[in-house]
Amino acid sequence: MTSQQYPARLPCGNRVLDLSRTHVMGILNVTPDSFSDGGRFNQQDAALRHAEAMVAAGATLIDIGGESTRPGARAVSALEELERVAPMVEAINRELDVVISVDTSTPAVIRESARLGAGLINDVRSLTRDGALDAAAATGLPVCLMHMRGEPGDMQNNPHYDDVTAEVASYLEQRMAACAAVGIDAGRIILDPGFGFAKTLAHNLSLFKHMESLYRLGRPLLVGVSRKSMIGQTLDRPVEQRLYGSLALAALAMTKGASILRVHDVAETADIVRMIEAVQTAE
Ligand code: 8Y7
């Protein structure tokens, strides 16, 4: 275990995350292509039941995303994104005891989600969109800053790094400075290496191996590798056969000190977290 340089208590809106523990963040997609069985109520109800199942399985955060970040995904308008995300934030806040993370880069979604009970802003673009820094600052919520280059549509076009870990660290440091400039205190920031975003397999593996060096920035880490292509490429497995690879990386990320594991398979990941914690807290 790494000794932590930050307070264990992270206020997330009306809830608190204990950063002395490892947390499982369950992924909830509310893009129409992920629940395409027609009818807005049915889609929202299915998403709510999915969130409920993930909380019952051990998720302490739910990450709601209304804009697909998959390469080649269609751009959605701010209004469309808001119409997908806002009802889910409201419903989960009303029905479940969990920190609601909103996966968004859109200022209007940041503001409205915070008003409806979100506890964390998760932006794969690190608040680089016009107005996003100010919107996030105004919410008072913690922010997850993730490393990426370019946009999801073009990010895999031949990314190059001389030293991927050092360049990721330096980008995250710059984004922390941009946050500080608008009044987002370092104490509100979570950092994420951004696995699979503008990185080749070799970059992803090297960054994973050296992820501890990001602790020099003094903030907790969130790691998202669940079912990603770095697993598919290494093991030669299609997406539905990446569970064991995902669990191996979750276990490794945890022993490297990651605070939040962003995953699809909550029950399985929660088991490995509990098992590792049992060993780590033994005499
Ligand atoms: C990540 C993420 C995605 C990640 C954070 C996928 C929204 C791609 N990946 N957010 N989002 N970190 N913070 O395969 O790695 O889940 S979307």
Say whether, by atom type as modelled, one donor and one acceptor occur between the side chain of [X] and the main chain of [Y] under 3.5 angstrom.
| X | Y | answer |
| --- | --- | --- |
| T22 | V273 | no |
| H210 | L205 | no |
| T269 | D265 | yes |
| R175 | L127 | yes |
| Y215 | G257 | yes |
| T139 | L141 | yes |
| S113 | I110 | no |

Answer yes when [X] and [Y] have at least one side-chain N-carboxylate O distance shorter than 4.0 Å, and no when they do not.
| X | Y | answer |
| --- | --- | --- |
| K199 | E167 | no |
| R49 | E52 | yes |
| R188 | D185 | no |
| D123 | R129 | no |
| E90 | R115 | no |
| E268 | R242 | no |
| R125 | E151 | yes |
| R262 | D63 | yes |
| R219 | E173 | no |

Practice task
Determine, for Y161 and R149, whether the Lys NZ or Arg CZ falls below 6.0 Å from the six-membered ring centre while staying within 45 degrees of the axis.
Solution key: yes
Could you give the distance from [atom1] ([X]) to [atom2] ([Y]), rounded to the nearest 0.5 Å?
| X | Y | atom1 | atom2 | value |
| --- | --- | --- | --- | --- |
| T165 | L207 | OG1 | CG | 5.0 Å |
| M25 | L61 | CE | CG | 4.5 Å |
| Y244 | L249 | OH | CG | 15.0 Å |
| H50 | I27 | NE2 | CD1 | 9.0 Å |
| S101 | I260 | OG | CD1 | 8.0 Å |
| S105 | E67 | OG | CD | 6.0 Å |

Going by heavy atoms in the side chains, are [X] and [Y] under 4.5 Å from each other?
| X | Y | answer |
| --- | --- | --- |
| D18 | R9 | no |
| L145 | C179 | yes |
| Q280 | M254 | yes |
| K209 | S206 | no |

Establish whether [X] and [Y] are linked, either directly or via other cluster members, by ILVMFWY side-chain heavy-atom contacts under 4.5 Å.
| X | Y | result |
| --- | --- | --- |
| V30 | V55 | yes |
| L48 | L28 | yes |
| V24 | I62 | yes |
| L19 | L217 | no |
| L214 | L191 | yes |

Problem - CA sep, side-chain torsions, deciding dist, call: V143, L120, side-chain contact (heavy atoms from CB on, under 4.5 Å) - result: CA-CA 6 Å; V143 174; L120 171 68; 5.8 Å; no
Handout entry: Donor on one side chain, acceptor on other, E81 and T104, under 3.5 Å
Key =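 Result is yes, a qualifying pair exists.
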Handout entry: Distance-only side-chain donor-acceptor flag, T200 / H203, under 3.5 Å
Key = yes
Contact summary for [X] and [Y], nearest pair of heavy atoms:
| X | Y | result |
| --- | --- | --- |
| P142 | P11 | CG-O, 3.2 Å |
| Y171 | T128 | OH-CG2, 3.9 Å |
| G131 | P107 | C-CG, 3.6 Å |
| A169 | R216 | CB-NH2, 3.6 Å |
| T106 | A78 | CG2-CB, 3.6 Å |
| G119 | C12 | O-CB, 3.1 Å |

Practice task
Go through V109 and V102 one step at a time and tell me if the side-chain contact (heavy atoms from CB on, under 4.5 Å) criterion holds.
Solution key: CA-CA 8 Å; V109 178; V102 179; 4.1 Å; yes
Exercise for the section: Assess the pair F197 and H147: is the distance between their ring centroids shorter than 6.0 Å? Expected result: no
Exercise for the section: Run the numbers on S259 and L222 for side-chain contact (heavy atoms from CB on, under 4.5 Å), then give the verdict. Expected result: CA-CA 6 Å; S259 298; L222 186 157; over 6 Å; no
Practice task
Give the C-alpha distance, both sets of side-chain angles, the deciding distance and a yes or no for side-chain contact (heavy atoms from CB on, under 4.5 Å) between I64 and D103.
Solution key: CA-CA 6 Å; I64 306 177; D103 155 21; over 6 Å; no
